[in-house]
Structure formats: C-alpha cells, structure tokens
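Residue numbering restarts at 1 for every chain, and letters A, B, ... go by the order of the sequence lines. Heavy-atom basis, side chains included; hydrogens, waters and symmetry copies ignored. Small disclaimer: the values here were computed from a predicted structure and weren't measured.
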Amino acid sequence: MSAPAAQRPVRRPRKAWSDVAFNVWGILVMVFLFAPIAVIIVSSFNVGRLLVSWDHFGFDSFLALLAKPAIRDAVWISVQTGFIAALVATALGTLAGIAMARHPGKWVWWFMGLLLLVSVTPEIVDAVALLPWTVFLGQDLGMSIFNDGIVRLVIGHSLFSITVVSYLVRARLVGQEAQLEEASADLYATPTRTFRKVTLPLAMPAVFAGFMLSFTFSLDNTVIAAFVSVSGSTPWPVYVLSALRSGLKPEIAAVSTIMLVLTLIALGLVALVLKRSGDSAADIARTMGGG
Amino acid sequence: MRRRLPGFLLAAPAWAWLAIFFVAPVGMVVWFSFGYKPSIFATQATDKLSFDRYAEVLSPTFFATFQNTLWVGVAGTVLCFLIGLPVAYWMAVKAPPSRRGLLVALVMVPFWTNFLVRTIGWQVILSPEGWISTALQTVGFEPLAILNTRGAVLLGVVYNYLPLMILPLFVAFDRVNGPLREASKDLGAGKWTTFFRITLPLAQPGIIAGVLLVFIPLMGDYITATVLGGAKGNMVGQLVASQFQTAQNWALGSAMAVVLIIVILLTVAIGAGIVWLVTLPIRASHRLVIGAPDTAPASVSIREEVAA
C-alpha cells in the first residue's frame, strides 16, 4: 500500500499556489536570517586555532574563557556600561516622554524634531563627533570625568536610547487618559505624589521595555564605542573588532553564544511584561522596533 | 492646576543632555569641516575658513567611494523591500494568527544579536575555507571568492537591515488586515486589486518607515563593510573613520561626514519625488474610478484614512 494513494480521496481543499509560495518564501527568509547565527553557535563548539576552519567538537573555547581575563574584562565593561547607559537613558527619556504626553504645546514639535534628528544621524557621525568633543571637554576644559572610559561610553550609547525611551513612554501615555491624574489631584495629592503614585505606574511597561532595549542597544554598540573608548576600558564589541584584525578565535564565538542566550532571556522578559500589560504581537513588534 | 512649574521642564534634562552630547559635538564637526589640517601633527585648525575640504571630498578619489556607497545603499534598500514585503505580508495576513507572536520573535532574534557577531557569521560562511566553498570545490567549482567584494557587502547589509524593513511592514499590514479587505472582496475586487488598491496604499506609513529605517543607517554603515568588504567594498563610513583614526585629518573627515548627511537627505528627497511622480497617474486614475457609484463609499473612506 502506498500512503499518498490512500490519502487522495480524503484530501483537504487544495491550497492556492500563492499561499504555498508565501510559506516557502517566508521559511527561506527565516533560514537566511538565522544562518550566520547558527554558524556562530556551531563555531563556539569548534576546537581549533581559528574560528573559520572547523577542527572537531569540544567545549575548549568555553573553558578557555576562564583563563582569559581580557575577554572577561571586556564583557564586564560592556555590562557595566550597558546598565549605566540604560539607567541614564531611561531616566531622561521617561521624564521627556511624560512631559510630551501630559504637557503638550509647541515645544513638543521642537523636541520631537531634535529626537528625530538624533535617530536619523548615522552612528558614524555621532562617533566622529563625540571623539573630538570628549577630548575637548576632558583635556581642553579640564573636566577629568570625560577622560573616564565608562563615562564616555555611557554618553555615546545613551543618545539613541533616549530617543527610543521618549517615544515609547509618550506613546504609552498618549494612549491613556489623564483622568486618573486629575482624580489624584482632586483628592489633594501633591503633584510629586501624583507623579510617583499614578503617572509613573501607568508608564511602567514602556519604561521597563525602554530600559531593556537601551541595555541591549548599548551591548550591541560597536561604532561609537570604537571611537570613544579609551584603552583600559575596552567594551566587548570593540574587543571583537580588534580581534578581527589579528585572527578570530573560537572563544569569540563562545562569548557570543553566551551573550545571545542572555539577550534572549532579556527580550523574553520584555515580551512577557508587554504581553501582561495587554499588547498584541503587532504592538510588541512596534515597541521592539523602536516605535 | 499647577502654576509653580511649567510641566515641560520635565523634559529639560533630556534637552540639556542632547544639547551637550549631540548638538554641540555635531555642530563642532560642521565647524571643523570648514577648516584645514595645518601640519602632520595637528588634526585640524579653523583660523582660516573655506570650502576647500568639500572640494577635496568631491575629488575623484573620494567621489568613487560616495558613488559606491550610494549604489550599495539604494540596491540594499530595494532588495530589503522586495525580500521583506512578502515576508511581512505572510506574517500579518497568511500565517495563522496564533503563530504571529512566534514569527515576530523569530524576526527579532537576529535583530538583537550583536551586529558585529552576525556579520562575522557571514564572514565564516563566505570564506574560501568555509563549508559552502568546500562543498563547491568537491563538486568541481572554484573556491568561493565573494568575500572582500561589493557583492559581499550588499549581502551583508541586506541581511543586517532586513528585520528593520520587515517589522514596520508587518505592523502596517497587521493594521490593514480585516474589515476593509473583506469589504473590497465583497465588492468584487480580486486578490491583486485588493492588494494594490487597499492593502498597499493603507500600508504606506509602514513602507515609508521601513525604507527610511533601512536606508539611513545603511548609508552610514561602517561595520559590514569593514568585516565583509575589504578594499573593493569601501564605504563612506570607513572613509570617515579612517580620516579620524589613521590619517588624523579631522577637517577632511568632518567634511565627509557632512557630505554623507547631505547625500542621505538628497537621496531621500529625490526618492520621495520620484515615488510621488510615478504614482501621480495611478492616483489620478483612481480618482476617476471613485466617481463610479458602486465603489464610491468604500474608496472615499479609504482616502480619508490615508489622509489621516
């Protein structure tokens, strides 16, 4: 007996060829999107001198991390920078977003214009602009805080993140009526108390998503980091960039695999929080795509 | 209610931060671009201002790189659009709604993997010692020689920026999906008519967002070209970087950065103009169709939404 022959009589209504074509195309593109990531994950289990040439399977590259303080330091610098940059961007962006949503006026257009300008400026321009600027502030004006590696990285990484957090928080609050805040004021709460007890909790899902996004943006930032970082506080992507010239080792793939897992956990948390606050898949896509 | 402090002061810290760390430094770069490099040991001087650096940027040596970048930028954006549009449509319309969240997550994972690392992944795939090349050689082909060419850069940028095209398009299609498309079908429109007359025009904001989100960062790309491009796949981003890092000519590098921004803005403006002109006859013909009694209400309501 042959299975196809047996199935033919009870065949379901035939799918249109266009639907099949869409499915095939969609799956092909997904494969395309995951190909290099899969290659990196596989390469992290490569035991060999170079990343490019496969030798044999093993966990040596992960073990080698323990013996390489330079890699650990670079990752640690990245994590610290990411955390501080996310804090700065979230604080400034949240205040700005609340101001835009609750105190509209002509100034909002100017401010949105500035945010737009920040988000469309190519990263390389920010990078080459911040290099002489931090040198100017730190050395010519003698503000030694700007000679600190982490401070410079935080400044560079916070710019784009501030715009994202502002957009997110504004979008969240514009969608919700200001009645709660008015009620709170009617019940004799001070403005500060209203802000803390009503406005902030309303904005919280966007604030949280903004924080996580800022953190991942900062971890990912290579271009600005390559320009403003000072020796002694090299973040992880800049370390990889310099390793590119001296030959890529499997350790780099190993760290990338670990960081991918961590990023996925972080993003999963964001999606969970957004879903709990009632967002659809499209809303989450909009949020994650940065507005 | 509150008279003591105007509310917009909440945004003051962000204003100040962006003014000090964005407006001022970028302004400084614009200022540098009118200066010159006085000696081997100095990076720039601005005691004599001129447009000489801009003339230098437009000289044949550097102009070729600008042309190359513009080519990669336009071709990359068009490819992203052609590849991404069916995917976004599939995710928003064809795929079962229960799977949508998963698909969105799948598109986002590469988007949130380190940019540099995924580009290195392509370097591994495309390298002459890689799997594909080895497989090709065993079947009797030449080793893969795409790495360090413009083709590799194009592949890299399409890969890197594709999610930025798919996500806004998905959001746009997701919004259109539903009653309006059904109404169009009920009124006797076929699949293609519905797509071109209803879905695509209503998805316009998403299309614009996607094209801009891909084109702008792509033009300033530095990493993809560095990892995959080699000498042949040179882009303006690298040129600017090298002026600041190795050549130490900040005046020339600044002028390049400014020209890059101007080129991006001009291309966007020209592109918008072309789209406007090309769709002019189509829009005109649609306007005629509105006059027909049976489709009038639907078309009018759609037009209103497009305007809104």
Assert top hit (heavy-atom pairs under 4.5 Å, partner chain A, pool B:Val109, B:Val26, B:Leu212) equals B:Val109

What part of A:Val29 gets within 4.5 angstrom of chain B, counting heavy atoms only: side chain, backbone, both, or neither? side chain

What part of A:Leu115 is in contact with chain B, defined as an atom under 4.5 angstrom from a non-hydrogen atom: side chain, backbone, both or neither? side chain

Heavy atoms of A:Ser256 and B:Val117 approach each other most closely as OG-CG2, 3.3 Å

Closest approach of B:Gly121 to A:Val39 (non-hydrogen atoms, all atoms of both residues): O-CG1, 4.0 Å

To check you understand the geometry: which heavy-atom pair defines the closest contact between A:Ala99 and B:Leu10, and what is its length? CB-CB, 3.6 Å

Contact origin within A:Leu28 toward chain B - heavy atom pairs under 4.5 Å: neither

With under 30° as parallel and over 60° as perpendicular, where do the rings of A:Trp107 and B:Trp15 fit, or are they tilted in between? tilted

Among the options A:Pro237, A:Ala129, A:Ser166, pick out the one with the most heavy-atom pairs lying under 4.5 Å from chain B. A:Ala129

Between B:Asp221 and A:Glu123, is any pair of side-chain heavy atoms under 4.5 Å apart? no

To the nearest 0.5 Å, tell me how far B:Gln238 CD sits from A:Ile124 CD1. 9.0 Å

Which heavy atom of A:Phe111 sits nearest to which heavy atom of B:Ala11, and what is that distance? CE1-O, 4.4 Å

So, the part of B:Leu106 with a heavy atom under 4.5 Å from chain A: the answer is both

Close aromatic pair by centroid cut-off 6.0 Å: A:Phe227 and B:Trp250: no

In the structure I gave you, are the side-chain heavy atoms of B:Leu9 and A:His103 within less than 4.5 Å of one another anywhere? no

Are any of the side-chain heavy atoms of A:Pro132 and B:Met28 separated by less than 4.5 Å? yes

Begin with the C-alpha distance, continue with both residues' side-chain angles, and end with the deciding distance and a verdict on side-chain contact (heavy atoms from CB on, under 4.5 Å) for A:Ile40 and B:Thr113. CA-CA 11 Å; A:Ile40 288 293; B:Thr113 323; over 6 Å; no

Just wondering, do A:Pro122 and B:Ile264 contact through their side chains at under 4.5 Å, heavy atoms? yes

Specify whether A:Phe32 and B:Tyr159 have parallel, tilted or perpendicular ring planes, treating 30° as the upper limit for parallel and 60° as the lower limit for perpendicular. perpendicular

Counting only N and O atoms by type, is there a donor-acceptor contact under 3.5 Å from the side chain of B:Trp17 to the main-chain atoms of A:Ile155? no

Considering only heavy atoms and a distance below 4.5 Å, find which of B:Ile261, B:Val29, B:Val258, B:Asn114 pairs most often with chain A. B:Asn114

Any idea which heavy atoms bring B:Pro110 and A:Ile37 closest together, and the distance? CA-CD1, 3.5 Å

Top contributor to chain A interface from B:Ala95, B:Ala24, B:Gly27, B:Gly253 [non-hydrogen pairs under 4.5 Å]: B:Ala24

What part of A:Phe160 is in contact with chain B, defined as an atom under 4.5 angstrom from a non-hydrogen atom: side chain, backbone, both or neither? neither

Going from CZ on B:Phe21 to CG on A:Leu159, what distance comes out if it is rounded to the nearest 0.5 angstrom? 8.5 Å

Given heavy-atom pairs under 4.5 angstrom as the criterion, report whether the side chain, backbone, both or neither of A:Leu219 touches chain B. backbone

For A:Ala35, is it the side chain, the backbone, both, or neither that has a heavy atom closer than 4.5 Å to a heavy atom of chain B? both

Do A:Asp19 side-chain atoms and B:Lys94 backbone N/O form a donor-acceptor pair below 3.5 Å? no

Which atom of A:Ala226 lies closest to which atom of B:Gln245, heavy atoms considered: O-NE2, 3.9 Å

Bottom line for A:Val108: the part with an atom under 4.5 Å from chain B's heavy atoms is neither

At a 4.5 Å cut-off on heavy atoms, which part of B:Phe115 comes close to chain A: side chain, backbone, both, or neither? both

Please round to the nearest 0.5 Å and tell me the distance separating atom CG of A:Leu33 and atom CZ of B:Arg118. 9.0 Å

Among A:Thr163, A:Val120, A:Ile252, A:Leu131, the residue with the most heavy-atom pairs under 4.5 Å to chain B is A:Val120

Looking at chain B, which one of A:Ile98, A:Leu114, A:Thr134, A:Asn221 has the largest number of heavy-atom pairs inside 4.5 Å, strictly under? A:Leu114

Given the rule in the side-chain contact (heavy atoms from CB on, under 4.5 Å) test, do B:Val107 and A:Met30 qualify, once you have shown the distances and angles that lead to the verdict? CA-CA 7 Å; B:Val107 174; A:Met30 292 289 170; 3.5 Å; yes

Select, from B:Ile83, B:Asn160, B:Ile216, the one with the greatest count of heavy-atom pairs under 4.5 Å involving chain A. B:Ile83

